[in-house]
There are 2 protein chains.
Amino acid sequence: MSRTTVIGAREAQKLKTRQAMLDAALGLLEEQSLSSLGLREVTRAVGVTPTAFYRHFRDIEDLGVALVDQALGNLHTLVRATLVEHDDAEDRIDHTVALIERHVRAHPAHLRFLVRERHGGVRAVRLAIAAQLDRFVREVAAVLALDEESGGWSEPELEMLAGLLVDQMVLAVSAFLSAMLDEGPTTAEVAAATRLRLRLIHLGREASGRRAP
Amino acid sequence: MSRTTVIGAREAQKLKTRQAMLDAALGLLEEQSLSSLGLREVTRAVGVTPTAFYRHFRDIEDLGVALVDQALGNLHTLVRATLVEHDDAEDRIDHTVALIERHVRAHPAHLRFLVRERHGGVRAVRLAIAAQLDRFVREVAAVLALDEESGGWSEPELEMLAGLLVDQMVLAVSAFLSAMLDEGPTTAEVAAATRLRLRLIHLGREASGRRAP
DNA sequence: GGATTCAGTAAACAACTGTTTCCTCGAACG
DNA sequence: CGTTCGAGGAAACAGTTGTTTACTGAATCC
């Protein structure tokens, strides 16, 4: 399933420094946004010459786009699995919120980058994130379509619901990150509030199906 | 109701340059984020010396915080008025979405700044925006409390609902802004999708009140 | 095993940044 | 009316930035 190319020690080293730059950039981006990140900052943090940067990226914007894919990488499949695994509404909500909290704790920098640059100042990165989230929305919609309660729901309606849910997840990620910095409510409060919101949305879904689909 | 201080020609000029700096900054921020905005950029755009900047702000962060209040200024009261004016759910949704679209067209730069810096790289600005939005949430909750359907709703539950709605408004603002730049869906599609979302949330509210409040 | 490719280096470029110190000159005050 | 005050200007400061050009030396290819 995974396309692996046999790899020489030559380009192994290249990939290693490339990844080092991405990691260093992610670290530096915890306290600033992409549009103020300097290419010299990145290379300095890695320990290479500024010129080496150009062997891997055209400019910082290019690096940002590369960063998007890594950041959204696993969350897709994790959420999908959680949704498929549980079909009771309350279970789904609890497990999804717990999953998000765990994921934020495990990869704070990646997710901070996503949340920050989703509406950030670099157009190409904004578009890359939007494209990834769109894929995510369609995946979630596909899972929702399997539920019994999706009886008379059209595809656009399901995508609307999925979009609503994905936005709630992103907002939850942002709130968890704030909680970890002691800005705003605590982690427990964020989890509780998110569950409440998701429950309300679920009720809306049920009610919507029951009257005019 | 408005506290107006009698004003000399002296500080009238000072306020004028201060406002010119805020406006110039807002313009420059359409294509970058606050953390990359230079104080020299701002003064150059206004046509004053870099040193003049310090007569008005300690640094760019300070200017950013000042910008927050201007940006959120009117939307509060407009939304409040719209909610109070209509109590039919469908009317509320239609008028609120229309109001948001109009407001985005009228003040794109202010709103872009808000959406961008809400999760942006400058902590003080993030906190200022969060504080303003929190006030907004409490205002909306207060209006919702007047509805009949808010029978057995506790205050935290009402604030949860209000928070959900305010987040939807912010997301709608962001989507309208993207539409104006021909990123993503068209303006009409954004309006339609937002109305769908708000309807679903309203159904959830009704259903939630009907069973366990 | 010799030729070639290419990741990373070294040094220099002009342009820009935030901040300081001192100065100017018109309005405001007593 | 003379004095004080304060918004804005001039010039210089040491650092920083992105990008170019020419190079080295080790892994790869034939």
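Lettering follows sequence order; numbering is per chain, from 1. Everything numeric here is computed off the predicted structure, so don't read it as measured data.
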Please lay out, stage by stage, how A/Ser36 and B/Ser36 fare under the test side-chain hydrogen bond (donor to acceptor under 3.5 Å, both in side chains). CA-CA 4 Å; A/Ser36 70; B/Ser36 70; 5.6 Å; no

Applying side-chain hydrogen bond (donor to acceptor under 3.5 Å, both in side chains) to A/Thr96 and A/Thr82, what does each step give before you reach the verdict? CA-CA 7 Å; A/Thr96 307; A/Thr82 304; 5.8 Å; no

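In this structure, A/Phe136 and A/His76 have tilted ring planes: the angle between them lies in the 30° to 60° band. The aromatic rings of B/Phe57 and B/Phe53 sit tilted relative to each other, their planes meeting at an angle between 30° and 60°.
Straight-line distance from the NZ atom of B/Lys14 to the C1' atom of C/dC25: 17 Å, rounded to whole Å. Between the OH atom of B/Tyr54 and the P atom of C/dT19 there is a distance of 4 Å, given to the nearest Å. Between B/Ile60 atom CD1 and C/dG18 atom P the separation is 7 Å, expressed in whole Å. Taking atom CD of residue B/Glu11 and atom P of nucleotide C/dA28, one finds them 8 Å apart after rounding to whole Å. Computed from coordinates, the A/Arg55 CZ to C/dT5 P distance equals 14 Å when rounded to whole Å. If you measure from atom CG of B/Leu37 to atom P of C/dC16, you get 16 Å, rounded to the nearest angstrom. Here C/dA15 presents its P atom at 17 Å from CD of B/Glu41, a figure rounded to the nearest Å. Look at CZ on A/Phe53: it is 17 Å from C1' on C/dT9, rounded to the nearest Å.
The shortest side-chain heavy-atom distance between B/Arg205 and B/Asp147 falls under the 4.5 Å cut-off.
Closest to the side chain of A/Thr49, from the set C/dT9, C/dG8, C/dT19, is C/dT9.
Between B/Arg10 and B/Arg40, the residue anchored nearer the 5' end of DNA chain C, judged by the nucleotide with its closest heavy atom, is B/Arg40.
Under a 4.0 Å N-O distance rule, the pair A/Glu31/B/Arg123 does not qualify as a salt bridge. The residues A/Glu30 and A/Arg112 are annotated as salt-bridged, a charged nitrogen and a carboxylate oxygen being separated by less than 4.0 angstrom. A salt bridge does not link B/Glu159 to B/Arg138: none of the charged nitrogens lies less than 4.0 Å from a carboxylate oxygen.
For C/dG8, the OP1/OP2 oxygens have a side-chain nitrogen or oxygen of A/Thr17 closer than 4.0 Å. Look at A/Gln13 and you'll find a side-chain N or O under 4.0 angstrom from OP1 or OP2 of C/dG8.
In the 5' to 3' direction, nucleotides of DNA chain D lying under 4.0 Å from heavy atoms of chain A begin and end at D/dT17 to D/dT28.
Screening residues 54-68 of chain B for side chain to side chain donor-acceptor pair (under 3.5 Å), with sequence neighbours left out, gives no hits.
Stem analysis of DNA chain C (at least three stacked-register Watson-Crick or G-U pairs, each with both distances under 3.5 Å) gives C:1-12 with D:19-30, C:14-17 with D:14-17, C:19-30 with D:1-12.
Residue contacts shown for B/Arg44 are limited to sugar-phosphate atoms, with no base heavy atom under 4.0 Å away.
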